[in-house]
Amino acid sequence: SNLSMAFNCLVRMAHQGNYLYAADSNNGLRIFDVSNPAQSIPVVGSYATADAARDVAVSGSYAFVAAGQKLIVLNVSNPASPSLVTTLNT
């Protein structure tokens with residue numbers, strides 16, 4: 001089904017507030033609005049990474065995405081428009 005295809009690349013997830021942050025091995029970070037789980041769960045924001053995203057953690061206004069040999073720090077205070085803070089080589 002289309003739904004299973006949409007979620008089969010999600011490798012790790014983190015939840016904070018009304019949002020689910022997902023490391024997507026094909027698309028980088030995807031942010032879902034889970035405020036009303038009885039309805040559909042829309043993607044509200046995303047951030048493409050050059051390498052496959054493998055993990056994600058969220059703290060306050062920041063998401064930390066492991067992709068390739070890098071740790072990508074994103075400001076997610078506006079989940080619809082995550083912005084790059086810095087990229088660290090690991």
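In what follows, residues are counted from 1 in the order of the sequence shown. Heavy atoms only: backbone and side chains are in, while hydrogens, waters and symmetry mates are out.
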Quiz prompt | T49 side chain vs D51 backbone, donor-acceptor pair below 3.5 Å | solution =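 Checked: pair present.
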Self-check item: I72 backbone acceptor or donor facing T87 side chain under 3.5 Å
Solution: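 The answer is no, because no donor-acceptor pair under 3.5 Å joins these two groups.
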Exercise. Please assess L84 against Y47 for the test side chain to side chain contact (heavy atoms under 4.5 Å, CB included), listing each intermediate value before the final yes or no.
Key: CA-CA 9 Å; L84 180 66; Y47 187 89; 3.5 Å; yes
Practice problem: Evaluate the side-chain proximity of P82 to I31: yes if any heavy-atom separation is below 4.5 Å, no if none is. | Solution: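 Side chain of I31 against side chain of P82, heavy atoms only: contact under 4.5 Å found.
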Value rounded to 0.5 Å, distance of [atom1] in [X] from [atom2] in [Y]:
| X | Y | atom1 | atom2 | value |
| --- | --- | --- | --- | --- |
| D24 | M13 | CG | CE | 10.0 Å |
| F64 | L88 | CZ | CG | 9.5 Å |
| R54 | Q69 | CZ | CD | 6.5 Å |

Please find the pair of heavy atoms, one from [X] and one from [Y], that lie closest to each other, and give the distance.
| X | Y | value |
| --- | --- | --- |
| A53 | G28 | CB-O, 3.7 Å |
| A52 | S25 | CB-O, 3.3 Å |
| V56 | R12 | CG1-O, 3.7 Å |
| T90 | K70 | OG1-N, 3.9 Å |
| G60 | V58 | O-CG1, 4.2 Å |

Exercise. Using the rule that two of Ile, Leu, Val, Met, Phe, Trp, Tyr join whenever any of their side-chain heavy atoms come within less than 4.5 Å, decide whether V43 and I41 are in one cluster.
Key: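 Both belong to a single hydrophobic cluster.
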Practice problem: Determine the sole option in V65, L29, L74 for which the side chain to side chain contact (heavy atoms under 4.5 Å, CB included) test with Y21 is passed. | Solution: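 Answer after filtering V65, L29, L74: L29.
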Quiz item: Given the rule in the side chain to side chain contact (heavy atoms under 4.5 Å, CB included) test, do V34 and Y19 qualify, once you have shown the distances and angles that lead to the verdict?
Solution: CA-CA 5 Å; V34 294; Y19 299 99; 5.7 Å; no
